[in-house]
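Letters A, B, ... mirror the listed sequences (proteins, then strands); counts begin at 1.
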There are 2 protein chains.
Amino acid sequence: MTRAPATPPARERLLTAAGELFYASGIAATGVDAVLTRAGVSPATMYAHFAGKDALVAAYLGRRHERWRLTWDEVLAERDDPVDRLLSLFDAVARYRSREGNGRGCAFLAAATELPADHPGHPWLEADTRLLGERLRELASAAGLLDPEEAAATLLLLYDGALNRFARAATTPGLPGDDPLARARRLAAAWIGTQLSDPRAG
Amino acid sequence: MTRAPATPPARERLLTAAGELFYASGIAATGVDAVLTRAGVSPATMYAHFAGKDALVAAYLGRRHERWRLTWDEVLAERDDPVDRLLSLFDAVARYRSREGNGRGCAFLAAATELPADHPGHPWLEADTRLLGERLRELASAAGLLDPEEAAATLLLLYDGALNRFARAATTPGLPGDDPLARARRLAAAWIGTQLSDPRAG
DNA sequence: GTCTATAGATAGATAGAC
DNA sequence: GTCTATCTATCTATAGAC
């Protein structure tokens, strides 16, 4: 076990700076130069670690996906009740937010608007969506919901809604209602209730 | 009444081209040059009509806001039942989409990620959110819902969710469930039902 | 109102030394 | 692995003519 250096290596500082700037100001609008300045790294060093800006963007998205997945894993490991496990999506977002402070909504959806389809970071956007779809289907199935596909679609809708509301709130204060995450969870729980007692409702 | 020219004037062609490119590829990623080429307009002409790219972006957002508002007005004018009027939000989105074909979700939310807070187009992002909040509150109130604030927050959540699902579907096919707009409307209608019969549910 | 040609700023990326 | 200095392409914007 090696001792952690006082200053993280350049690659690490680059990813941290990229994560902050790309998320806060958008990917296209953030120049490589801004990332370098914030990281305190020289251009040559960056290009020694990453093939170019595109590769840095892809690494940023990959790291974000990984952290989100681990957070969700962590929350899932704490839940036993099948319905709680299905609703863990919203608890995981809350935990991720308290940790990483993503006050501007979903980084992957934002990136989806900015990146062309052939961008090297694009697979991570697909991975994010696939993870959500597959897990929600499995958890809905395990919770005994008759139509896991329908359940996954409903929870995904509420999840996307909550994240989008964060993005909205970041630009315009004074919106109706606060804590969209809690609201989305409540709505999801109520909907799941209707599915358990009467499979044809909803 | 003047006759419409065979070729729209440069200003019009610029706004059309900007609308297509900014929406499809993102604002920051789209150069003025690309807009000029698509519009078939020279740089000098563009700068005669708009102070700069920022002003063009603001005009693009303003036009989009106006068209969306008019579409919603139009749908509202066709509805008499108070609950139908509240749900008209989703019908208006459907009509707007069939007309303008916004297959990538909400342009204002996408712009919110890209534009800095002091950008001249920013007021339009706020106008979009304010329009949604105020109208939904009024319509919920007129529909006799006891807590219009709560209703507006719920419908806004579902609206944002549906639009985000479109953005997601544009990058990753094969998601659970289709037609997020119809799903959002169904969920909204069901929720409104619980509010009318029992004000404390939900 | 519209064009051609070009200036000026900034972005992404590289060379070569330590 | 990391730096300073620089190159080149691109982008926004302007000058001056028709």
Peer 1: Establish, with yes or no, whether the OP1 or OP2 oxygen of D:dT2 is under 4.0 angstrom from a side-chain nitrogen or oxygen of A:Thr45.
Peer 2: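 No, A:Thr45 has no side-chain N/O under 4.0 Å of OP1/OP2 on D:dT2.
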Peer 1: Please report, rounded to the nearest Å, how far the P atom of C:dA13 is from the CG atom of A:Asp54.
Peer 2: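 Those two atoms, CG and P, are 7 Å apart.
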Peer 1: Please report, rounded to the nearest Å, how far the P atom of D:dA13 is from the CZ atom of B:Phe50.
Peer 2: 13 Å
Peer 1: Go through the steps for B:Arg168 and A:Asp128 under the test salt bridge (Lys or Arg N to Asp or Glu O under 4.0 Å), then give the verdict.
Peer 2: CA-CA 10 Å; B:Arg168 218 179 256 287; A:Asp128 175 63; 3.1 Å; yes
Peer 1: Nearest-Å distance, CZ (A:Phe22) to C1' (C:dA11)?
Peer 2: 13 Å
Peer 1: In whole Å, what is the span from the CZ atom of A:Arg13 to the P atom of D:dG1?
Peer 2: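 In whole Å, D:dG1 P lies 13 Å from A:Arg13 CZ.
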Peer 1: Only one of B:Asp84, B:Asp73, B:Asp91 forms a salt bridge (charged side-chain N to carboxylate O under 4.0 Å, His left out) with B:Arg79, so which one is it?
Peer 2: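 Of B:Asp84, B:Asp73, B:Asp91, salt bridge (charged side-chain N to carboxylate O under 4.0 Å, His left out) with B:Arg79 is met by B:Asp91 alone.
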Peer 1: Over how many whole Å does the gap from A:Ile27 atom CD1 to C:dG12 atom P extend?
Peer 2: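 Checked: the CD1 to P distance equals 12 Å.
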Peer 1: Nearest whole angstrom, please: distance from the P of C:dT2 to the CG of B:Leu36.
Peer 2: 13 Å
Peer 1: Side chains of B:Arg183 and B:Leu187, heavy atoms from C-beta outward: is any pair under 4.5 Å?
Peer 2: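 When only atoms from C-beta onward are counted, B:Leu187 and B:Arg183 do touch, with a gap below 4.5 Å.
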Peer 1: For B:Ala48 and A:Ala29, find the nucleotide of DNA chain C closest to each by heavy atoms; which residue's nucleotide sits nearer the 5' end?
Peer 2: B:Ala48
Peer 1: How many Å lie between CG on B:Asp33 and P on D:dT14, as a whole number?
Peer 2: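 To the nearest whole Å, that distance equals 16 Å.
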Peer 1: Indicate the atoms forming the closest heavy-atom contact of B:Ala18 with B:Val35, along with that distance.
Peer 2: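 Heavy atoms of B:Ala18 and B:Val35 come nearest at N-CG1, 3.9 Å.
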Peer 1: Atom CG of B:Leu14 and atom P of C:dG1: how far apart are they, to the nearest Å?
Peer 2: 13 Å
Peer 1: Do you know the tightest heavy-atom contact between B:Leu89 and B:Leu155?
Peer 2: CD2-O, 4.3 Å
Peer 1: Relative to the ring of A:His65, is the ring of A:Trp124 parallel (under 30°), tilted (30 to 60°) or perpendicular (over 60°)?
Peer 2: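 A:Trp124 and A:His65: tilted rings.
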Peer 1: Specify the angle, to 10°, made by the local axes at the two ends of the helix from C:dG1-D:dC18 to C:dC18-D:dG1 when five pairs are taken at each end.
Peer 2: 0°
Peer 1: So if I take every side-chain heavy atom of B:Lys53 and compare against D:dT12, C:dT4, C:dG1, which nucleotide ends up nearest?
Peer 2: D:dT12
Peer 1: Establish, with yes or no, whether the OP1 or OP2 oxygen of C:dT14 is under 4.0 angstrom from a side-chain nitrogen or oxygen of A:Tyr47.
Peer 2: no
Peer 1: Select from A:Ala34 and A:Ala44 the residue whose nearest nucleotide in DNA chain C is closer to the 5' end of that strand.
Peer 2: A:Ala34
Peer 1: Of the options D:dC3, D:dT4, C:dG12, whose atoms approach the side-chain atoms of A:Pro43 most closely?
Peer 2: D:dT4
Peer 1: Where is the tightest heavy-atom contact between B:Arg95 and B:Ser98, given as atom of each residue plus distance?
Peer 2: O-OG, 2.8 Å
